[in-house]
Amino acid sequence: DERGGGDVEGRNWSAGEKCNGFFFFKQKTAYEIKECDWSSDVCSSDLEEFDFTVEKETSDGGELFSFEATAEDIENAVPRAPVVTVMGHVDHGKTSILDYIRNENVVAGESGGITQHIGAYKVETDSDTTITFIDTPGHEAFTAMRARGAQVTDIVVLVVAADDAVMPQTIEAIDHAKAAGAPLVVAINKIDKPGIDIDRVKRQLADHNVLVEDWGGKVQSIPTSAKNGDGIDDLLSAILLEAEMLELKANRDCLAKGTVIDSRLDKGYGPVATVLIQKGTLNIGEPFLCNNYPGKVRAIMNERGLRIKKAYPSDAVQILGFEKVAQAADVFVTIKNERDLKRIASERQRRRREIEQKKIVAYTLDSMSLMIKEGSMKELPIIIKGDVDGSIEALSETLLKLNTGEVGINVIHKSVGMVSESDVLLAEASKAVIVGFNVQVGSNAKLQAKRTGVEIRSYKIIYKAVEEIKLALEGLLEPELKEEIVGKAIVLTQFKIPKIGFIAGAKVEEGIITRNAIARLIRDDEVLYDKQAITSLKRFKDDAKEIKEGLECGIGLEGVKKYIENDII
């Protein structure tokens with residue numbers, strides 16, 4: 001019973017009803033179990049006397065970690081604030097823009113004025129709406145989260161300095177945002193500096209397939225100055241417009257679910273994690289599961305360190321009460337029952353140990369070729385790294401010419417320089433293969449690739465790279481069935497031959513009838529038999545390999561027992 005033991009008297013259990021980890025599948029008459037210890041085998045043996053089937057519940061709570069919207073979620077969905085990730089090249093003013101919006105100088109506290117951690121901030125706009133900003137240390141953290149399956153970002157703001165234009169990390173940020181499928185808003189920053197050229201920035205963005213609205217594209221671009229605040233209101237309006245188009249909603253009336261954005265070990269508080277709540281309402285005192293470890297919400301704090309009582313969807317809050325320091329992209333879920341929490345946590349930890357002992361699934365060119373051959377993939381994602389820009393362009397253009405209607409190559413990122421950790425992270429997140437042309441592979445990148453199962457292929461000759469990828473792509477193509485009519489015969493009469501059966505006496509009207517061909521029988525413009533093997537082909541009484549046009553012959557088709565004059569074979 002619900003009290004965890006005691007008497008169970010005179011109760012008819014319906015099929016599938018659950019009681020303390022046991023399922024009762026058979027409906028029976030009233031029964032009695034006195035002082036039952038549910039955790040021991042005594043209970044199951046007692047129940048078997050009453051013809052009950054007992055099964056121990058073994059769920060690892062996988063369904064708890066799903067962000068799929070249920071019917072209840074859709075019914076109770078209410079609008080939520082957009083979650084915006086700010087990305088761009090180092091020192092282009094990502095954090096400075098956020099500082100102006102928040103009226104608080106964070107950069108001064110960071111080492112060397114560069115963001116070392118992921119900051120998450122909730123900002124209220126003049127129109128009484130809220131936006132949650134995630135400030136990333138470059139794009140690596142963003143991609144590392146995506147590599148672990150966390151899709152927390154609704155909109156990406158790409159910050160480009162007007163005096164510096166598009167830089168390597170800007171290009172990488174564009175590729176990462178595209179791979180994540182998030183809408184882009186461009187903030188052209190530092191417009192207060194003398195001698196800037198905004199059109200140059202837009203031109204360079206267009207070169208990387210980011211067409212701004214002024215140039216006939218769909219991407220909003222806002223000139224901003226983090227120093228004096230020019231264009232910041234327009235930037236917020238652009239974000240809200242994108243959010244309006246996305247129609248973002250979430251259910252508040254359920255158990256809280258979210259994703260860990262950042263975590264640390266605090267001297268006073270112990271393990272602390274910044275969690276973005278994506279669904280439900282989080283309250284103090286609720287038991288939770290983060291990845292495989294249980295915990296209890298001791299306190300909830302906002303980004304300014306002030307304690308709050310509740311957190312709603314799109315809120316990024318700091319949570320105290322973790323057993324271990326969580327990892328970025330770990331899923332955080334609250335659970336009603338503490339007893340269920342311990343059972344699920346121990347089951348997940350056991351399964352995790354088993355998984356870690358198994359080998360990583362590698363995304364190699366060969367394995368991907370097989371996957372697309374089986375129909376589970378329709379494109380081959382590739383990252384190209386080369387020694388000079390000309391070689392990269394030549395290689396990518398040659399590879400893109402290999403695309404067909406069925407399968408194709410998707411070059412998700414290309415740049416000059418050695419293969420770095422960042423490339424491996426992007427390849428892991430996008431399940432891509434890295435093609436290096438006349439470049440070295442960094443030692444850290446090699447280790448990362450080995451750990452994550454990413455394949456790095458190095459080439460010195462361009463046609464070798466194209467040839468291998470073409471072969472892989474051909475492995476991906478489904479076989480094309482082509483029908484070619486090699487011969488046509490008209491039936492004149494039929495013969496019955498002992499031990500063989502009925503044979504059509506026919507005259508070849510077109511082409512050649514060959515013994516190894518596949519035939520169909522047509523009568524009155526209707527196909528009676530299709531894809532039949534030719535079992536017998538004779539010219540007079542002799543077996544023949546082929547019969548040419550104008551000659552008469554005897555043809556036997558597998559499974560056909562009757563031929564009529566003017567049938568066509």
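- Smallest separation of non-hydrogen atoms from Val185 and Ile155: CG2-CG2, 4.1 Å.
- Side-chain atoms of Ser415 and Glu172 form no donor-acceptor pair, as typed in the model, at a separation below 3.5 Å.
- A distance-only check finds no donor-acceptor pair linking the side chain of His413 to the backbone of Ile383 [under 3.5 Å].
- Asp423 and Ser420 form a side-chain donor-acceptor contact under 3.5 Å, judged by distance and modelled atom types alone.
- Nearest heavy atom pair, residue Asn251 against residue Pro313, reads O-CG, 4.0 Å.
- Taking NZ of Lys202 as the start and OG of Ser221 as the end, the distance is 4.5 Å to the nearest 0.5 Å.
- When the options Lys279, Lys122, Arg252 are evaluated for a salt bridge (Lys or Arg N to Asp or Glu O under 4.0 Å) with Asp315, the one that passes is Lys122.
- The shortest distance between side-chain heavy atoms of Pro183 and Leu246 falls below 4.5 Å.
- At a threshold of 4.5 Å between non-hydrogen side-chain atoms, the residues Phe437 and Ile462 count as touching.
- No donor-acceptor pair closer than 3.5 Å links the side chain of Glu124 to the backbone N or O of Thr130.
- Side chain of Lys94 to main chain of Gly88: a donor-acceptor pair is present (N/O by atom type, distance under 3.5 Å, no hydrogens or angles).
- More than 12 heavy-atom neighbours from other residues, nucleotides or ligands sit within 6.0 angstrom of CD on Glu393.
- Checked against Leu205 for a side chain to side chain contact (heavy atoms under 4.5 Å, CB included), the options Ile174, Leu184, Leu211 give a single hit: Ile174.
- The side-chain heavy atoms of Ile319 and Phe332, taken from C-beta on, include a pair separated by under 4.5 Å.
- Heavy-atom minimum distance, Lys385 versus Met418: CE-O, 3.2 Å.
- Counting heavy atoms from C-beta on, the side chains of Ser458 and Val441 come closer than 4.5 Å.
- Summarising the geometry, atom CZ belonging to Phe288 is positioned 9.0 Å from atom CG belonging to Leu282; distances are rounded to the nearest 0.5 Å.
- Partner of Pro223 under the side chain to side chain contact (heavy atoms under 4.5 Å, CB included) criterion, chosen from Ile198, Leu235, Asp192, Val201: Ile198.
- A 4.5 Å side-chain heavy-atom check between Asn209 and Lys178 finds at least one atom pair inside the cut-off.
- In this structure, Ile485 places its CD1 atom where only 12 or fewer heavy-atom neighbours from other residues, nucleotides or ligands lie under 6.0 Å away.
- Tyr293 has its ring centre no less than 6.0 Å from the ring centre of Phe322.
- Between Ile277 and Tyr312 the shortest side-chain heavy-atom distance does not fall below 4.5 Å.
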Stepwise side chain to side chain contact (heavy atoms under 4.5 Å, CB included) check, Lys470 with Glu467:
CA-CA 5 Å; Lys470 188 181 178 182; Glu467 196 180 316; 5.7 Å; no
Dump the intermediate steps for side chain to side chain contact (heavy atoms under 4.5 Å, CB included) on Lys190 and Ile196, then the final yes or no.
CA-CA 9 Å; Lys190 303 190 181 181; Ile196 55 145; 5.9 Å; no
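- Once rounded to the nearest 0.5 Å, the distance linking CG of Leu399 with CG of Leu380 reads 9.0 Å.
- Here Ile188 contributes atom CD1 and Arg200 contributes atom CZ; the two are 12.0 Å apart, rounded to the nearest 0.5 Å.
- Heavy-atom minimum distance, Val123 versus Phe133: CG2-CD1, 3.8 Å.
- Remark: the backbone N or O of Asp230 is not paired with any side-chain donor or acceptor of Ser225 at under 3.5 angstrom.
- Using a 3.5 Å distance cut-off with no hydrogens or angles, the side chains of Asn189 and His92 do not pair a donor with an acceptor.
- Taken to the nearest 0.5 Å, the CD1 atom of Ile469 stands 7.0 Å off from the CD1 atom of Ile384.
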Pair Leu395-Val466, side chain to side chain contact (heavy atoms under 4.5 Å, CB included): steps then yes or no
CA-CA 8 Å; Leu395 182 57; Val466 175; 4.0 Å; yes
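- Checking each of Asp266, Val260, Leu265 against Val325 for a side chain to side chain contact (heavy atoms under 4.5 Å, CB included) leaves exactly one that passes, namely Leu265.
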Could you give me the CA-CA distance, side-chain angles and deciding distance for Val78 and Asn76, then say whether side chain to side chain contact (heavy atoms under 4.5 Å, CB included) is met?
CA-CA 6 Å; Val78 292; Asn76 299 331; over 6 Å; no
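- Note: Asn228 CG to Ile191 CD1 = 7.0 Å, rounded to the nearest 0.5 Å.
- Heavy atoms of other residues, nucleotides or ligands lying less than 6.0 angstrom from CD of Glu213 number more than 12.
- Put simply, the side chain of Glu428 never gets that close to the backbone of Thr452: no donor and acceptor are under 3.5 Å apart.
- Taking 4.5 Å as the limit, every side-chain heavy atom of Ile412 sits out of range of all side-chain heavy atoms of Asp175.
- For the pair Ile97 and Ile232, the minimum side-chain heavy-atom distance is below 4.5 Å.
- Of all heavy-atom pairs between Ser314 and Ala81, the closest is OG-O, 2.6 Å.
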Evaluate Arg80 against Asp154 for salt bridge (charged side-chain N to carboxylate O under 4.0 Å, His left out), listing each step before the verdict.
CA-CA 11 Å; Arg80 66 170 177 83; Asp154 300 316; 2.9 Å; yes
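- Of all heavy-atom pairs between Ile222 and Ala238, the closest is CD1-CB, 3.9 Å.
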